[in-house]
Number of protein chains: 2
Amino acid sequence: MPYDPSAFPPFAVTVDLVVLTVRRHALCALAVRRGEPPYQGRWALPGGFVRGDEDLTTAAARELAEETGLNAHDPAGPVLPNAAHLEQLATYGDPKRDPRMRVVSVAHLALAPDLPAPRPGGDARSVRWAPVEELLDQEAGYGRDGEQVTPLAFDHAQILADGVERARSKIEYSSLATAFCPQEFTVGELRRVYEAVWGVALDPRNFHRKVTGTPGFLVPTGGTTTRQGGRPAQLFRAGGATLLNPPMLRPEA
Amino acid sequence: MPYDPSAFPPFAVTVDLVVLTVRRHALCALAVRRGEPPYQGRWALPGGFVRGDEDLTTAAARELAEETGLNAHDPAGPVLPNAAHLEQLATYGDPKRDPRMRVVSVAHLALAPDLPAPRPGGDARSVRWAPVEELLDQEAGYGRDGEQVTPLAFDHAQILADGVERARSKIEYSSLATAFCPQEFTVGELRRVYEAVWGVALDPRNFHRKVTGTPGFLVPTGGTTTRQGGRPAQLFRAGGATLLNPPMLRPEA
DNA sequence: CGAATAGTGTCTGTTAGACAATATCTT
DNA sequence: AAGATATTGTCTAACAGACACTATTCG
């Protein structure tokens with residue numbers, strides 16, 4: 001089968017983003033409201049076309065910055081205050097996934113700390129953090145203002161579900177859960193991230209022993225905080241370790 | 001940023017395949033020789049254009065069948081004799097990865113048993129199973145007939161490395177290693193798969209206890225074989241379990 | 001003080017890894 | 001018999017999970 005680059009079917013290539021954060025004890029995703037058909041008025045994942053001279057990761061980082069003001073974290077560079085973890089998730093290319101034309105979407109997964117000042121691209125009413133449970137609920141779901149939330153436009157419910165599952169499994173065997181935390185955080189705050197992402201309750205004592213006993217996971221900064229109430233808690237930064245061995249075990253029930 | 005489907009940069013979309021198997025104690029990948037520029041005469045991963053009305057997975061399964069005669073395994077359907085595991089790997093879209101034009105390639109990973117009768121698409125000299133170590137060796141590597149093997153064309157060395165790493169980690173926590181085995185196999189044959197993929201030696205006694213003690217991993221067929229010499233070994237089929245919990249642990253050294 | 005969160009210590013059952021010992025084939 | 005592979009059993013150290021207990025803050 002000869003490889004003839006001049007006779008190929010025309011495709012559009014987009015990036016879509018699953019941007020996750022933990023707010024008020026719930027795992028939330030960034031959703032944008034569609035202003036035009038198809039799926040006008042429905043919520044969708046943020047995304048857009050890949051430019052002609054742009055790498056896929058670059059396009060995803062650009063969309064992320066446009067929607068949230070977050071920088072994609074560069075492992076080689078310094079740790080920025082507003083850095084989010086960004087990785088490729090999967091590619092979706094069903095011929096009928098967009099009714100207008102053939103669109104192949106390279107989905108990316110971003111994990112961000114809860115934003116002190118969320119900076120929506122333009123219209124605040126058209127961008128929101130929504131609990132993933134609400135976005136994925138197959139029964140009729142309605143957002144704050146009564147507008148229809150589910151199902152998401154296109155195949156975005158599937159993309160979101162895949163992104164959430166990726167995040168849930170990756171925090172088991174990597175230190176990625178710290179991407180949901182601010183630069184300095186307590187063991188209790190990190191535990192609440194795990195509890196929100198997995199949707200389970202963890203034993204605070206065993207969790208503390210586990211994370212502080214894993215070399216390279218957490219580095220104490222020396223400071224303490226009482227922002228959670230109770231006895232002052234030590235503050236930590238993320239350590240250099242990327243992989244957790246042995247992993248954090250996700251309870252089955 | 002309006003979503004204007006009539007004004008998108010033109011992309012070609014291809015699928016590339018990392019097809020892995022275990023032959024003579026070595027992890028091998030399918031490579032095809034390029035008959036035309038660019039990279040003429042160099043080895044590359046099999047692949048081709050996605051057709052205008054074709055799903056990405058369908059395109060990958062079609063290429064796999066064209067190159068090897070293997071069917072992609074459908075988890076819902078019956079277990080076919082010549083079925084290979086097929087999954088999406090990642091997507092590669094650097095603007096300069098193909099010197100001719102903008103090509104986005106959705107790479108897929110296939111795991112196949114050692115083929116009793118390899119059926120190359122056409123010219124037998126243009127398709128071969130090559131040890132991945134040879135294909136990825138950064139020093140000059142030369143194949144059976146003295147032709148240059150490395151580096152692979154385009155960014156295929158990176159794609160192959162990513163596929164190998166995916167396979168290495170997935171057999172840790174899933175039952176996927178059985179995809180490298182024929183329908184009936186012994187514990188020793190399964191162990192040699194792990195040893196070839198990971199490039200380590202495993203204790204036969206602890207391995208046996210581990211795999212036979214994991215519910216749903218292996219189902220005894222009742223038969224035995226002496227094809228490996230020594231005491232007759234029980235034959236097994238792959239069980240229904242997909243995830244191994246607890247996982248197989250890959251030795252560090 | 002009581003409530004809340006942080007952190008340490010102890011016990012128990014499971015499991016990985018090391019390795020002795022036995023079983024059953026081929027040559 | 002010698003050599004190869006298969007299979008079972010035993011011991012030990014590490015670790016997860018349960019949970020008693022202490023520490024330090026706020027109201």
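It should be emphasised that the depicted structure is a prediction, and the values quoted were computed from it without experimental measurement. Protein chains get the first letters and strands the later ones, always in sequence-line order, with residue 1 at the start of each.
Rounded to an integer number of Å, the gap from NE2 of A:His208 to C1' of D:dT22 is 14 Å. When rounded to the nearest whole Å, the span between CZ of A:Arg191 and C1' of C:dG7 equals 11 Å. Atom CD of A:Glu195 is separated from atom P of C:dT5 by 11 Å (rounded to the nearest Å). Look at CZ on A:Phe207: it is 19 Å from C1' on C:dG9, rounded to the nearest Å. Spacing between atom CG of A:Leu190 and atom P of C:dA6 amounts to 12 Å, rounded to whole angstrom units.
Contact check, A:Arg192 against C:dA6: a side-chain N or O comes under 4.0 Å of OP1 or OP2.
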B/S/- along nucleotides 10-21 of chain D (protein heavy atoms under 4.0 Å) is ------SBBBB-
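Residue pairs meeting the ring pair (Phe, Tyr, Trp, His ring centres under 6.0 Å) criterion with at least one member in residues 178-207 of chain B, sequence neighbours excluded: B:Tyr194-B:Trp198, B:Tyr194-B:Phe207. Here salt bridge (Lys or Arg N to Asp or Glu O under 4.0 Å) pairs that include residues 195-204 of chain A, with residues two or more places apart or in two chains, are A:Arg191-A:Glu195, A:Asp203-A:Arg205.
Here the closest heavy-atom approach between residue B:Ala196 and residue B:Leu27 is recorded as O-CB, 4.0 Å. Considering all non-hydrogen atoms of both residues, B:Ala83 and B:Pro113 come closest at O-CD, 4.0 Å.
Taking the side-chain contact (heavy atoms from CB on, under 4.5 Å) definition, one finds that A:Thr242 meets it with nothing, sequence neighbours left out.
Note that CG of A:Leu56 and NE2 of A:His108 are 6.0 Å apart. Values are rounded to the nearest 0.5 Å.
No contact: A:Arg227 has no heavy atom under 4.0 Å from any strand.
Of the listed residues (A:Arg24, A:Arg23, A:Arg192), just one forms a salt bridge (charged side-chain N to carboxylate O under 4.0 Å, His left out) with A:Asp114, and that residue is A:Arg23.
Listed by residue number, the members of residues 229-240 of chain A with any heavy atom below 4.0 angstrom from DNA chain C are A:Gly229, A:Gly230, A:Arg231, A:Pro232, A:Ala233, A:Gln234.
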Which pairs of donor and acceptor atoms, one on a side chain in residues 159-169 of chain B, lie under 3.5 Å apart (sequence neighbours left out)?
| from | atom 1 | to | atom 2 | distance (Å) |
| --- | --- | --- | --- | --- |
| B:Asp162 | OD1 | B:Gln158 | NE2 | 2.9 |
| B:Asp162 | OD2 | B:Tyr92 | OH | 2.5 |
| B:Arg166 | NH1 | B:Glu87 | OE2 | 2.7 |
| B:Arg166 | NH1 | B:Gln88 | O | 3.2 |
| B:Arg166 | NH2 | B:Leu89 | O | 2.7 |
| B:Arg168 | NE | B:Val197 | O | 2.8 |
| B:Ser169 | OG | B:Glu165 | O | 3.2 |
| B:Ser169 | OG | B:Arg166 | O | 3.2 |

